Structures are given as structure tokens and as C-alpha cells.
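Side chains included, hydrogens not; waters and symmetry mates left out as well; all remaining heavy atoms used. Nothing here was measured: the structure is a model prediction, and the numbers come from that model.
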Amino acid sequence: MEFQFMTDISGQPIAKCELECEAFGDWLGNDLGKDPRKVSQLLHTIDELFNKQLPHFELTTKEYHLSIEDDEVTLSLNNAQSQTEEFAEHYPDEQVTGCGLIDFQQLLKAWQQFI
């Protein structure tokens, strides 16, 4: 997965991911933000999944629902109504996106370093 991180005019971190995974960038910036604890907890959970200590994992954040099962990560919009409405208008077919667990782990580690 290709991605790029930057900050907006107010200093908030922004993530841009390749088109088919664009929701992950929106999720990082809007739902995880600058909280390093959230990222660390997710990375710890990924380690548990790799070590077969957890069979699967689900997390609902303010705008998205994250699901990890069998080395596949799925991100979908939940019922929250906020900045995601603009995303859904521009990318109506991208309300569910996915990637492999290793790509997701790399994305989170890079985000952790950036913030």
C-alpha cells in the first residue's frame, strides 16, 4: 500500500493512501489522529493476531468500523455522520475497503513515527 503523510494548516496530521485504500488515510487522520496510545494498542493487537493469541479483532471508532480476520483487514463506514459524509459523496463505491495485515501493520508503524 502506498501512502503519504503531511500536516494541514492547523498542524493536524493527514494521511493520503492510494485510491483503492483511501479510507485508511481518512481513518488515520480522523479517527486515530495524534494519539500514540491508540496506535500502540493496535500494533500490540496485530502482534497478538500474528502469534495466534487472538482469532480476530474488531474496533468501531467515531467514523469507521475496523475488522481483522485471517490476515485481512477490512475498513467500512459506520453510521456516524461527520466528515466522512464528504468522503462517501466523492467515493460512493469505497465504503468498504481492505488490505493485508502486513500492509496495515506497516501503515500503522509509519503513522506512529510520523505523529
Measure from the side-chain N and O atoms of [X] to the backbone N and O of [Y], and report whether any donor-acceptor pair falls under 3.5 Å.
X	Y	value
D31	E63	yes
S67	V73	no
N51	Q53	no
D8	S10	yes
N78	T60	no

Task: Other residues, nucleotides, ligands: >12 heavy atoms within 6.0 Å of E2 CD - done: no
- [ ] Applying side chain to side chain contact (heavy atoms under 4.5 Å, CB included), run through F57 and I46 and close with a yes or a no.
- [x] CA-CA 9 Å; F57 175 77; I46 289 171; over 6 Å; no
- [ ] Evaluate side chain to side chain contact (heavy atoms under 4.5 Å, CB included) for L32 paired with L108, printing each intermediate quantity in order.
- [x] CA-CA 10 Å; L32 287 188; L108 285 175; 3.9 Å; yes
Open item on the list: Distance alone, cut at 3.5 Å: any donor-acceptor contact between the side chains of Y64 and D26?
Closed with: yes
Open item on the list: Hydrogens and angles aside, do S76 and H65 bring a side-chain donor and acceptor to less than 3.5 Å of each other?
Closed with: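 On atom types as modelled, these side chains do not qualify, holding no pair under 3.5 Å.
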TODO: Check whether any side-chain heavy atom of T7 sits under 4.5 Å from a side-chain heavy atom of I14, and report yes or no.
DONE: no
- [ ] Measure the shortest side-chain to side-chain distance between T74 and L66 over non-hydrogen atoms and say whether it is less than 4.5 angstrom.
- [x]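 T74 does not reach L66 side chain to side chain.
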Task: From L59 atom CG to Q41 atom CD, the distance as rounded to the nearest 0.5 Å - done: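 Output value for this atom pair is 9.5 Å.
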- [ ] Would you sort out whether F50 and D71 count as a side chain to side chain contact (heavy atoms under 4.5 Å, CB included), showing the intermediate values?
- [x] CA-CA 8 Å; F50 278 133; D71 297 334; 4.2 Å; yes
Open item on the list: Run the ring-ring contact (aromatic ring centres under 6.0 Å, His included) test on W27 and F3 for me, step by step, so that the C-alpha distance in whole Å, both residues' side-chain angles and the decisive distance to 0.1 Å come before the verdict.
Closed with: CA-CA 13 Å; W27 173 75; F3 51 84; over 10 Å; no
- [ ] Sequence neighbours left out, what pairs pass side-chain hydrogen bond (donor to acceptor under 3.5 Å, both in side chains) with at least one residue falling in residues 103-113?
- [x] S40-Q112
